[in-house]
K.L.:
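Let me give you the structure first, and then I'll get to my questions.
Computed from heavy atoms alone, side chains included, the values below leave out hydrogens, waters and symmetry copies.
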Amino acid sequence: MDCFTRLEALIDAGSADAVEEARMLLRHLTAGSRAAFDVADEFLIELMTLAFLVEAGLEAFHNPARRLARLRLSRLKLLLA
């Protein structure tokens with residue numbers, strides 16, 4: 001499973017453990033690129049927000065938060081392509 005596929009799966013999980021795993025995966029992807037690091041940081045913020053919403057049980061906000069996280073991940077894919 002490639003890194004981006006795993007990150008997509010972590011968005012679906014939306015847990016605190018997913019955030020930590022995403023942070024480790026992104027560390028390898030963004031090494032040496034300030035722009036990629038910044039976009040990855042934005043993605044992590046969206047993923048942390050999603051994790052908070054999942055843990056707080058705010059189900060009405062899960063899908064919008066996942067959509068934002070996927071949008072940030074798409075930006076990262078474009079930047080690294």
Side-chain angles (χ1 to χ4, degrees):
M1 181 181 307
D2 77 344
C3 186
F4 289 111
T5 303
R6 183 63 191 142
L7 289 168
E8 285 277 346
L10 293 174
I11 292 171
D12 291 333
S15 67
D17 293 336
V19 173
E20 289 306 315
E21 187 174 343
R23 185 174 283 129
M24 288 188 304
L25 290 169
L26 291 170
R27 188 175 301 137
H28 299 291
L29 280 178
T30 61
S33 171
R34 181 62 192 184
F37 177 83
D38 290 342
V39 174
D41 196 41
E42 292 172 2
F43 168 74
L44 284 172
I45 290 169
E46 298 298 347
L47 194 58
M48 286 185 264
T49 302
L50 173 61
F52 170 77
L53 293 170
V54 168
E55 289 178 17
L58 300 171
E59 293 181 28
F61 298 102
H62 292 188
N63 287 335
R66 282 189 172 92
R67 188 171 36 254
L68 286 172
R70 284 190 177 94
L71 233 162
R72 299 289 188 185
L73 185 58
S74 295
R75 287 183 62 208
L76 185 60
K77 286 179 187 178
L78 288 173
L79 186 64
L80 294 174

K.L.:
Considering only NZ, NE, NH1 and NH2 on the basic side and carboxylate oxygens on the acidic side, decide whether R6 and E21 come within less than 4.0 Å.
P.N.:
yes
K.L.:
Drop me the distance from L44's CG to L73's CG, to the nearest 0.5 angstrom.
P.N.:
10.5 Å
K.L.:
Where is the tightest heavy-atom contact between A36 and L80, given as atom of each residue plus distance?
P.N.:
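Of all heavy-atom pairs spanning A36 and L80, the closest is CB-CD2, 3.8 Å.
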K.L.:
Which residues satisfy the side-chain hydrogen bond (donor to acceptor under 3.5 Å, both in side chains) test with E8, sequence neighbours excluded?
P.N.:
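With neighbours one apart ignored, the set is R70.
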K.L.:
Can you check whether C3 reaches L29 side chain to side chain, under 4.5 Å on heavy atoms?
P.N.:
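Touching, per the 4.5 Å side-chain cut-off.
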K.L.:
Could you pull out the closest heavy-atom pair between L50 and A65, with the gap in Å?
P.N.:
CD1-CB, 3.8 Å
K.L.:
For the atom pair CG (L71) and CD (E46), what is the distance rounded to the nearest 0.5 Å?
P.N.:
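It is 8.5 Å, given to the nearest 0.5 Å.
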K.L.:
Any side-chain heavy atom of D38 sitting closer than 4.5 Å to one from F43?
P.N.:
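Counting from C-beta outward, D38 and F43 never come under 4.5 Å.
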K.L.:
What heavy-atom pair brings P64 and A60 nearest, and what distance separates the two atoms?
P.N.:
CD-O, 3.7 Å
K.L.:
Excluding sequence neighbours, so at least two apart, what forms side-chain hydrogen bond (donor to acceptor under 3.5 Å, both in side chains) with E42?
P.N.:
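So E42 forms a side-chain hydrogen bond (donor to acceptor under 3.5 Å, both in side chains) with R72, R75.
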K.L.:
Please tell me if the side chains of L10 and L25 come closer than 4.5 Å, counting only heavy atoms from C-beta onward.
P.N.:
yes
K.L.:
Apply side-chain hydrogen bond (donor to acceptor under 3.5 Å, both in side chains) to R27 and list each qualifying residue two or more places apart in sequence or on a separate chain.
P.N.:
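R27: no side-chain hydrogen bond (donor to acceptor under 3.5 Å, both in side chains) contacts found.
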K.L.:
Are V54 and M48 co-members of a hydrophobic cluster defined by side-chain heavy atoms under 4.5 Å apart?
P.N.:
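Linked, M48 and V54 end up in one cluster.
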K.L.:
What closest approach, in Å, do A51 and A16 show between heavy atoms, and which atom pair accounts for it?
P.N.:
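Scanning both residues completely, I find the closest heavy atoms to be CB-N, 4.0 Å.
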K.L.:
Can you get from V19 to F37 by hopping between Ile, Leu, Val, Met, Phe, Trp and Tyr side chains that sit under 4.5 Å apart?
P.N.:
no
K.L.:
As an exercise, state the distance from OG1 of T30 to CZ of R23, rounded to the nearest 0.5 Å.
P.N.:
11.5 Å
K.L.:
Taking the side chain as every heavy atom from C-beta outward, state whether L26 and L7 have any pair of such atoms under 4.5 Å apart.
P.N.:
yes
K.L.:
Crowded around F52 CZ? As in, over 12 foreign heavy atoms under 6.0 Å?
P.N.:
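For F52, atom CZ is not crowded (no more than 12 foreign heavy atoms under 6.0 Å).
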K.L.:
Is the shortest side-chain heavy-atom distance between T49 and F61 below 4.5 Å?
P.N.:
no
